[in-house]
Amino acid sequence: MKLRLLRGDLVCVQAVELVTDYLEGALPRRERERFEAHLRACDGCDEYLRQVEATIRALGTVRPEDLEPETREGLLELYRQFRGD
Ligand SMILES: [Zn+2]
């Protein structure tokens with residue numbers, strides 16, 4: 001049985017939501033611009049975004065546990081950088 005209430009998991013869910021909101025065009029414009037600025041500056045996150053997009057296409061939705069551990073880590077890094085300033 002999975003532990004679902006670890007703090008790290010909450011952040012992971014938020015990271016996935018951030019990316020899915022972005023992909024669905026649901027992020028407010030200012031946040032979207034900030035997000036895109038980071039993606040342009042960071043090849044790693046650009047790649048993670050593509051992986052999430054591919055997962056959504058394949059499954060119709062995406063949850064943190066659907067992602068490869070490396071992709072999850074990359075998203076968490078992206079989320080921390082996005083929220084960090
Ligand atoms: Zn990045």
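Indexing begins at 1, ligand by ligand and atom by atom, following the structure's order.
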Problem - Any pair counted as salt bridge (Lys or Arg N to Asp or Glu O under 4.0 Å), so long as it reaches residues 10-29, sequence neighbours left out - result: Arg29-Glu33

Exercise for the section: Determine whether Phe82 and Leu18 make a side-chain contact, defined as any pair of heavy atoms from C-beta on separated by less than 4.5 Å. Expected result: yes

Problem - Side-chain heavy-atom pair Leu76, Glu73 within 4.5 angstrom cut-off - result: yes

Practice task
Check whether any side-chain heavy atom of Glu36 sits under 4.5 Å from a side-chain heavy atom of Arg40, and report yes or no.
Solution key: yes

Exercise for the section: State which residues pass salt bridge (Lys or Arg N to Asp or Glu O under 4.0 Å) with Glu31; sequence neighbours excluded, sorted by chain then number. Expected result: Arg83

Practice task
List in chain and number order the residues that pass ring pair (Phe, Tyr, Trp, His ring centres under 6.0 Å) with Tyr22, two or more places apart in sequence or in another chain; answer none if no residue qualifies.
Solution key: Phe35

Exercise for the section: State the count of protein N/O/S atoms located less than 2.8 Å away from the Zn ion (ligand 1). Expected result: 3

